[in-house]
Every structure is written in C-alpha cells, then in structure tokens.
2 protein chains.
Amino acid sequence: MVTEAGLRGRKKERTRQSLHDAALRLFLERGFDRVTVAEIAEEAEAAVTTLFKYFPGGKVALVFSHEEDRAAALADAVRNRSADTDPLTAIEDFIGTRLPFDPHMDAASPLLRLIFETPELRAYARQKWTDCEDALMAVLVEQCGYPDDAPLRALARLILQSPDIVARHSTPRAALAMIFANLRRGWQLDT
Amino acid sequence: MVTEAGLRGRKKERTRQSLHDAALRLFLERGFDRVTVAEIAEEAEAAVTTLFKYFPGGKVALVFSHEEDRAAALADAVRNRSADTDPLTAIEDFIGTRLPFDPHMDAASPLLRLIFETPELRAYARQKWTDCEDALMAVLVEQCGYPDDAPLRALARLILQSPDIVARHSTPRAALAMIFANLRRGWQLDT
DNA sequence: CTACGTATTTGCAACCACTACATATTCGTC
DNA sequence: GACGAATATGTAGTGGTTGCAAATACGTAG
C-alpha cells in the first residue's frame, strides 16, 4: 500500500505511525496490559476515537502495523512457483520468509518477546495465519488432484498452525522443515 | 465432580445450574452478543458478582457448564489403552467420544449451532483442547520412542486441532479417521 | 486569496465485561 | 439460639470499544 499524496495523506501516515510507535514504546516499557488505550492516544497526541479509526482491530492491532493481504500473497506464491517446485515446498518457503529471521538475534528481540509472552498478541498473530485457510484450501484443491476436499482442508489447517508451533522453537526453520517433511509423507500430494 | 452434601451444597448446585440455564435460554433466544451478563444474572435471580464467582471464565464459560480435567483424562486414555492399541488410535478414540454424537441430530442442535457460529465460543471450545498440548506431548514422549521432542510437540499440536477441524464436517468421525490416517503415515510412530 | 465542500479529528457520553471491596445473609454446628 | 465460616449482594470502579454531533483541517474551484 502506497502512502497517499498530499498533505492530508502525509499527515494520515504520520498519525498512524505515531500511534503505532507510542503503543510499542509503552508496551515494551510496561507490558501490554499495564497500558491503557487512553495513555497510548495521549502519548501519540491523538484522540482515542482516532486511534480506533486507524486500528479497528483494537489494542492488539496496534502492535502489527504493516498488514498485508496474506491470503492472496500465499495463494500467489503457490500458483507462481517455479516449475521444479511442488505446492507444499512453495508454501513452506512462503511461511519461511514470514518467520523471525535470525534465531539468536530475534529471540532476544524485545518485540518478539512481548508478542510471544502476551497471549492476546500471540492469538492475534496466529489468527492472521489461520485466516488464510479458505484461500489456501482453494489453491490446494486447484493444484493437487485429490479425491475429497476434507483432507485438503485439514492439511490447510495444519499447515497454518505451523508458524505458531515453530515460533517457540530455537531453530524455527529446521522445525518447519521437519513438520513439512511429515506432512508431505502423510498426505502424499505430489501430482 | 460430585454434588456436595447438605443444604449448602444443593443450593450451590442449583445456583450454578440456574445461571447456566438462564444463559443458554437467553443466548439461544437472542444470540450470544445480544445478551448482557447483567440480564443473565437477573434471569437467574443472582448477582453479577455471583455469576463471576461461579464462572470465572466469564460470559463464554457459561455455555460450557460441565468442565473436566481433559488433559489428565486424555493422558490416562493413552496410558491405560488396551494392549493391541497404539497411542494414536487411543487418542483418536478419546477425541471421538468427545465429539458431537449423531451427525444429523447434532447438526440441527441449536446449541451446537450457537457455538459454531459464535467466534468467541468456538475459540473457547478449541482452546479447551489445545490446553492439553503439554500433557499430550509428555505422554507421547513417554510412550513412543522418537529421536527429538520437536516433532512430537508438533504432532500434539496438530492432533489437538483436529476436533475443531472435523466439527464443521458432516461426518465428523470419518473426517477424524482420515486426518489420523494421514498423521499416522506422516509420523510413523509405531514404537 | 477566499470561500465552500468534504475528510478527518475531537471530546463526550454511553455500553458492557469484569473486578475489588465492604456489607449482609445463610448454613452448619455447638 | 448463637457463633464462625462460607456465600451472596450492591456499589463503585477500571478499561476497551462505539456512536454521535460539533469542530477543525485540507483540497479546490472560483
């Protein structure tokens, strides 16, 4: 999403950023539930109602400022994969790029710690993945021959759990690979 | 859990039941988020504070009155399985007994419809399963030889998603069997 | 540069889930 | 019947979230 042109657009972006920054600063300083939305608004020099206009997802959404249409991106990644790549590998790669980068550096990242240790935030992050279920299943049905839809829906569901599963792991990518190896063996999609 | 003896115990049970009944009646009549806890308390002739004393889980918990220590029950089911049953089958059977019974009868059940169509309630039901993750992984580690813990944690996670996955299915048990067949092939535990 | 229409912001009041606390009531028991 | 412990109640919050009408700021046409 590109920043709107004009003074208005710039101010909008600045306000959004200001709210996001204020929220992160206060959350990291005091912990998620020791900060009120009123305080965030004040710190960002905005009204509470403005805050909710920018982040309809509420307090939790303030942490995740850069939203993407992940479902569409995931579906694209599978459809436009290179010829020598099977669907599951394309999905694995896609998820891999959305994972915390360096295991040691990121494990120490205060923001990741905050998200990991705050149930509400973790649930939100997880749901952003599971919201892709319908899209993922659609693309699986389209790309893999399979007698029934049910196993593919189950597979989609299980795949979308993997980011949250490996997030607590010390080597997320390795854990992801292990899960995908087992899923591949279990479902045998190939085609 | 057995009802406590004496007048006191009987009244406690009656109050709890009264709150549960009132909540279900109102929820089914108007929908979950069109009912306030104040209304439920009034309908049950109790104070709001009393309501929260009985259901610390809040509004959602009012729907699920009979709580069990599911984690312990699941672990027991695996440990005390008959000699010719493997761990995964024991788990599958356990989950099977906690699923909605008759597919046609239950699909029409207003209560199940309510739970299914109310995100908050579905999330609560799902979490009661996923809360068993640690216990299930512990028992898997104990019962199955496996080089690393990580795949078993992933397996536990995926297994505990299955109840929610198959809940929307027209033939939950068949769907469950299919998922477990794939998981079995994928993880190859067999001991 | 000015005035007007529209997008955005603001403060206010309200709703509701949930909690802390002090007070009252009820049950079991002596 | 009286006393102590468990339970219930009402009140008064806190805090997230929303609706609304008034105020403000931006873009633009004249």
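By convention in this document, chain letters (A, B, ...) are assigned in the order of the sequence lines, proteins followed by strands, and residues within each chain are numbered from 1. Hydrogens, waters and symmetry mates play no part in the numbers below; they use all other heavy atoms, side chains included.
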Compare the minimum distances between each of D:dG15, D:dC26, D:dT9 and the side chain of A:K11, then state the nucleotide with the smallest one. D:dC26

Between D:dC26, D:dT9, C:dC18, which nucleotide gets closest to the side-chain atoms of B:T49? D:dT9

Can you work out whether B:G6 or B:V48 has the more 5'-proximal nearest nucleotide on DNA chain C? B:V48

Please report the distance, rounded to the nearest Å, between NZ in A:K53 and P in D:dG16. 20 Å

Just checking B:V35: base, sugar-phosphate only, or nothing, at a heavy-atom cut-off of under 4.0 Å? sugar-phosphate

Intermediate values then yes/no, salt bridge (charged side-chain N to carboxylate O under 4.0 Å, His left out), B:E29 and B:R34: CA-CA 9 Å; B:E29 194 176 310; B:R34 284 203 168 113; over 6 Å; no

Among the candidates C:dA17, D:dT7, D:dT17, find the nucleotide nearest to the side-chain atoms of B:V37. C:dA17

Look at all strands and tell whether B:T50 reaches a base, only sugar-phosphate, or nothing, counting heavy atoms closer than 4.0 Å. base

Output, in order, the C-alpha distance, side-chain angles, deciding distance and verdict of salt bridge (charged side-chain N to carboxylate O under 4.0 Å, His left out) for A:K59 and A:D33. CA-CA 10 Å; A:K59 206 180 164 189; A:D33 26 61; over 6 Å; no

In this structure, how many angstroms lie between the P atom of C:dA7 and the OH atom of A:Y54, rounded? 14 Å

Between B:D33 (CG) and D:dT17 (P), how many Å, whole number? 15 Å

Would you indicate what B:F55 reaches in the nucleic acid, counting non-hydrogen atoms under 4.0 angstrom: base, sugar-phosphate, or nothing? nothing

Measure from NZ on B:K12 to P on D:dT9 and round the result to the nearest Å. 14 Å

Between D:dT14 (P) and B:F52 (CZ): distance, integer Å: 18 Å

Length of the line joining A:E45:CD and C:dT9:P, which is rounded to integer Å: 14 Å

Could you check whether the rings of A:F32 and A:F27 sit parallel, tilted or perpendicular, using 30° and 60° as the cut-offs? tilted

Nearest-nucleotide pick for B:L7, side chain only, options being C:dT10, C:dC18, C:dC27: C:dC27

Verify the distance criterion only: is there a donor paired with an acceptor across the side chains of A:S18 and A:T15 at less than 3.5 Å? no

Is a donor-acceptor contact shorter than 3.5 angstrom present between the side chain of B:R8 and the base of C:dT26? yes

Taking atom P of C:dT8 as reference, at what distance in whole Å does atom CG of A:L51 sit? 16 Å

Rounded to whole Å, please give me the gap between NZ in A:K59 and P in D:dT18. 14 Å

Residues A:Q143 and A:R81: side-chain donor-acceptor under 3.5 angstrom: yes

